[in-house]
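This structure is a prediction, so every number in the text was calculated from the model and none was measured.
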Amino acid sequence: MAASPFSYQKFVSFALEEAQRSMDLIPLPLQQCKCKKAMDGKTELGMLSFRTPKIRLLRSLTIDGGESMQVLDFGIFPEPEFDLPIFCANFFTASGMNIVVLDLNPLHDVINESKYREKYYSSLMPLGQKYAELLPWGEKITSESVRFFSPIVVWSKFTSSQCKHDTLYAAFMDYFKAWLELVDKASAENDASMITHNREAQHKYLTWRAEKDPGFPLLSRLVGESYAKDVVRKFLFNGVDALGSKSFIDYFPEYQREDGTINKKRSVIGKSFQTRPWNAKGEFIGNDLR
Ligand code: BLA
């Protein structure tokens, strides 16, 4: 193992231990191997995945490049019987710079559907407010990403320090515990049309992330393009080829180029949102997202 002063391993250990307290995690054999060495011969990828009766997929990817790079991609996708948010922790640390997204990504539209927003986020606003101050809003972000975020999203960029990393760990633990409480309280939907609605919303989310993951170019450099594609479609966003049959262009027609192919840009709208576009009540106060 490369010696590194800082790693995301303890985040993963915390989450798995915390989850085990309230649910039985059943290992999934998704990853070809739990640990893979990158082509540089030193960077290590760690992959774990589990399910529970309420959770379709809990998976974690860590990339340990020693002092030069540390990555965590931790995501949890509920079964379609639940309209629960998707747990999302994406932390990228390289050369002392950090890019972090921590959120309970909404399954449904929290900008226009106030009922869904209130169901899950009203009680969590104080938590969001706390970390919005400690981990201030990152640079401008694209409208496309904002659509997938909740009013309590932590979107931040900062230079590494012990204090900031401790704060990020505290935020991760608090968000994870808050999410576990939501799962604990949730009961399965019986209405077939609601289940279909949830499944399609999750498929749209998976389709977006599998196509536009900002980590893909880096992952390709580390393990080669074809292995990276498998990691993205079969592991990180597993379900993208099974939960629905719509294509990326079906969901996001604005990305279609004249020859029918997908526009490779991450955003067709561009960057906006210099500041947090939600107020303390969780209401959207940004401009029109289109
Ligand atoms: C950058 N990652 C980013 C950025 C965001 C995210 C918003 C800033 C650039 C941008 O606005 O696109 C993350 N974006 C998200 C998330 C959602 C979203 C979580 O829309 C959810 C809906 N990041 C990873 C992994 C790697 C990684 C696994 O999760 C590496 C293997 C790297 N992220 C990474 C890098 C950058 C980045 C290198 C900066 C480079 C760039 O912006 O292209």
Side-chain angles (χ1 to χ4, degrees), residues 28 30 49-59 73-90 101 103-121 124 142-153 179 182-183 185-214 216 229-256 260-263 265-269 282 284 288-290:
L28 284 170
L30 282 182
S49 56
F50 302 89
R51 66 177 179 83
T52 78
K54 288 182 176 180
I55 296 170
R56 187 180 65 76
L57 171 66
L58 177 160
R59 90 298 184 277
D73 182 339
F74 194 95
I76 317 179
F77 305 91
E79 286 287 351
E81 281 75 14
F82 302 89
D83 67 356
L84 285 162
I86 293 162
F87 185 86
C88 166
N90 281 72
V101 175
D103 195 19
L104 312 190
N105 286 157
L107 187 66
H108 298 300
D109 181 349
V110 278
I111 293 172
N112 301 301
E113 291 175 33
S114 55
K115 263 188 142 174
Y116 183 79
R117 185 178 69 225
E118 282 156 19
K119 178 175 179 182
Y120 287 119
Y121 299 99
L124 295 177
T142 68
S143 305
E144 285 88 348
S145 286
V146 164
R147 273 195 312 224
F148 289 100
F149 292 169
S150 86
I152 63 162
V153 66
W179 186 83
L182 300 182
V183 176
K185 281 190 280 184
S187 46
E189 181 65 66
N190 297 314
D191 184 335
S193 71
M194 295 305 289
I195 298 172
T196 302
H197 185 51
N198 293 341
R199 186 183 294 108
E200 177 152 311
Q202 191 176 135
H203 186 245
K204 179 177 181 180
Y205 178 95
L206 293 166
T207 302
W208 167 261
R209 298 227 30 209
E211 184 66 39
K212 296 295 176 190
D213 194 329
F216 184 72
K229 276 187 179 157
D230 278 357
V231 170
V232 166
R233 292 193 82 86
K234 296 183 183 158
F235 179 70
L236 292 177
F237 306 111
N238 177 283
V240 64
D241 296 314
L243 289 193
S245 53
K246 283 194 184 173
S247 70
F248 183 85
I249 293 294
D250 291 334
Y251 288 125
F252 309 100
E254 64 278 19
Y255 280 84
Q256 181 157 28
T261 58
I262 300 171
N263 190 330
K265 281 195 209 159
R266 210 173 296 143
S267 173
V268 290
I269 305 174
F284 193 71
D288 200 338
L289 273 180
R290 273 161 300 158

Q: What's the separation between atom CZ in Arg56 and atom CZ in Arg199, rounded to the nearest 0.5 Å?
A: 10.0 Å
Q: Is the terminal nitrogen or CZ of Arg266 (NZ for Lys, CZ for Arg) located under 6.0 angstrom from the six-membered ring centre of Tyr255 and within 45° of that ring's axis?
A: no
Q: Going by the rule side-chain contact (heavy atoms from CB on, under 4.5 Å), which residues pair with Lys54 if we only count those two or more places apart in sequence or in a different chain?
A: Thr52, Phe82, Val183
Q: Considering all heavy atoms of both residues, which atom of His203 and which atom of Ser245 are nearest to each other, and what is their separation?
A: CE1-N, 4.0 Å
Q: Once you round to the nearest 0.5 Å, how far does CD1 of Ile269 lie from CD of Glu254?
A: 6.5 Å
Q: With a 6.0 Å cut-off on ring centres, are Trp208 and Tyr251 close enough?
A: no
Q: Rounded at 0.5 Å granularity, tell me how far CZ in Phe87 sits from CD1 in Ile76.
A: 6.0 Å
Q: If you take all heavy atoms of Phe77 and Tyr205, which pair is closest and at what distance?
A: CE2-CE2, 3.6 Å
Q: Show the nearest heavy-atom pair for residues Lys212 and Asn263, with the distance to one decimal.
A: NZ-O, 2.6 Å
Q: Kindly say whether Phe149 contributes a backbone atom to a donor-acceptor pair with the side chain of Asp103 at under 3.5 angstrom?
A: no
Q: Please name the pair of heavy atoms, one in Arg233 and one in Asp241, separated by the smallest distance, quoted to 0.1 Å.
A: NH2-OD1, 2.9 Å
Q: Shortest non-hydrogen contact from Lys119 to Asp83?
A: NZ-OD2, 3.0 Å
Q: With rounding to the nearest 0.5 Å, note down the distance linking CG in Leu58 to CZ in Arg51.
A: 12.5 Å
Q: Is the shortest side-chain heavy-atom distance between Phe235 and Asp230 below 4.5 Å?
A: no
Q: Start with the C-alpha distance between Thr207 and Asp250, add both sets of side-chain angles, then the distance that settles side chain to side chain contact (heavy atoms under 4.5 Å, CB included), and finish with yes or no.
A: CA-CA 10 Å; Thr207 302; Asp250 291 334; over 6 Å; no
Q: Does Asn90 use its side chain to pair, donor to acceptor, with the backbone of Val101 at less than 3.5 Å?
A: no
Q: Side chains of Asp73 and Asp213: does their closest heavy-atom pair fall under 4.5 Å?
A: yes
Q: Between Asn198 and Ile195, is there a donor-acceptor pair closer than 3.5 Å when you use the side chain of the first and the backbone of the second?
A: no
Q: Sub-3.5 Å donor-acceptor pair from the side chain of Glu144 to the main-chain atoms of Val268, do we have one?
A: yes
Q: How close do Glu79 and Pro53 get, counting heavy atoms only, and between which atoms?
A: CG-O, 3.5 Å
Q: Any donor-acceptor pair under 3.5 Å linking the side chain of Arg59 with the backbone of Ser49?
A: no
Q: Could you give the distance from CG (Asn105) to CD1 (Ile152), rounded to the nearest 0.5 Å?
A: 9.5 Å
Q: Please confirm whether the backbone N or O of Pro78 pairs with a side-chain atom of Gln202, one donor and one acceptor, at under 3.5 Å?
A: yes
Q: Is any side-chain heavy atom of Lys246 closer than 4.5 Å to a side-chain heavy atom of Lys204?
A: no
Q: Answer whether the closest heavy-atom distance between the side chains of Leu107 and Ile86 falls below 4.5 Å.
A: yes
Q: About how many Å separate CZ of Arg117 and OG of Ser150, when rounded to the nearest 0.5 Å?
A: 11.0 Å
Q: State whether the side chain of Tyr116 and the backbone N or O of Pro106 hold a donor-acceptor pair below 3.5 Å, judged by distance alone.
A: no
Q: Under a 4.5 Å cut-off applied to non-hydrogen side-chain atoms, are Lys265 and Thr142 in contact?
A: no
Q: Using the side-chain contact (heavy atoms from CB on, under 4.5 Å) rule, pick out the option among Tyr120, Phe148, Tyr121 that qualifies with Val110.
A: Tyr121
